[in-house]
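Comments concern the structure below.
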Amino acid sequence: MTVATHNTLGEIAAYLDDLLRTSEIPDYRGALNGVQVEHVGPVARCAVAVDASSRTIQGAIAQGANLLIVHHGLFWSGVQPLRGHVYERVRRLIAHDIAVYASHLPLDLHPDVGNNVLLARELGLAPASGFGRFESIDVGVKGDCDLATAVLAQRCEQLSRRESGHLVTVGVTPDRRTTRWAICTGAGASSDTLREAKAAAVDTLIVGEGPHHTAIEAEELGIAVLYVGHYATETFGVRALGAEIERAFGIPWSFIAAPTGL
Ligand SMILES: [Zn+2]
């Protein structure tokens, strides 16, 4: 039986921090993992979304949710005054007693509920080891397979379309085969990840997005890159957290789709 006192923000946040190893995982400065905004509570309904934005906050309000769990939190842009659209986000959260919990890299790399592992599973790929080094952690995953790269691209295309993305490919030719792949969701393509891919004999890199120069470098390195869409590669982790909270606390949840951006 679910007891109401178990559904406080503190209990749920402690559960998530433990699951995601929030205090141990390094991250970018603006990520601010964990509770970003408190509420009076208790938690009655949970909304999950990729971004903390006016649209997803509005979606949470419409769903009657008072906890919003996101992958990209409210503070990416660093210190800034609460004015204009930034103020509007906070005003709506407080007016509707909505708490915000954010998890960036801890959610990307989690072995069960992480974006990278779940994306691999969606594509029929079995991760064997880590990829995408950041400080002391591997954000992504890699593994071996024997697939026509065009087949892998087709799976990515279907997934991307389903998750409001748009697949862009580099180096996918009809006769090419993928024998070692790596995944790094979100902004996963960079000179660093391409270098790491080359060193690990990865022939196909699957990412959310990357700057233009990564396509040029990939071609020169002989690595195929499948750019699935930043948003499209990061819808899985927050949905897994919603399901996990329902399982552990009996709290209903919904995914707020808001595919703004790339
Ligand atoms: Zn991201």
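In what follows, every heavy atom counts, from backbone to side chain, and hydrogens, waters and symmetry copies are set aside. First listed ligand is number 1; within each ligand, the first listed atom is number 1.
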Item checked: Audit row: L9, V35, side-chain contact (heavy atoms from CB on, under 4.5 Å) steps and yes/no -> CA-CA 9 Å; L9 179 63; V35 174; 4.0 Å; yes
Notebook entry, point to check: Does the gap between the ring centers of H72 and H230 come in under 6.0 Å?
Noted result: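 That pair passes the under 6.0 Å test.
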Margin query: Closer than 2.8 Å to the Zn ion (ligand 1), what protein N/O/S atoms do you find?
Written below: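 Under 2.8 Å from the Zn ion (ligand 1) - ignoring waters, which are not counted - the protein N, O or S atoms are H72 NE2, H230 NE2, E234 OE1.
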Notebook entry, point to check: Linking Ile, Leu, Val, Met, Phe, Trp and Tyr through side-chain heavy atoms less than 4.5 Å apart, which residues share a cluster with F236?
Noted result: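 Result for F236 is V117, L118, L119, L123, L125, V141, L147, V151, L152, L159, L167, V172, W181, I183, I206, L226, V228.
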Check: Under 3.5 Å, is there a donor-acceptor pair between the S23 and D17 side chains?
Finding: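 D17 and S23 do not have a side-chain donor-acceptor pair below 3.5 Å.
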Notebook entry, point to check: Is it the case that N66 and D97 place a side-chain donor and acceptor less than 3.5 Å from each other?
Noted result: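 No, no side-chain donor-acceptor pair sits under 3.5 Å.
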Checklist line | H166 NE2: over 12 foreign heavy atoms closer than 6.0 Å | finding: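 Open: at most 12 neighbouring heavy atoms sit under 6.0 Å from NE2 of H166.
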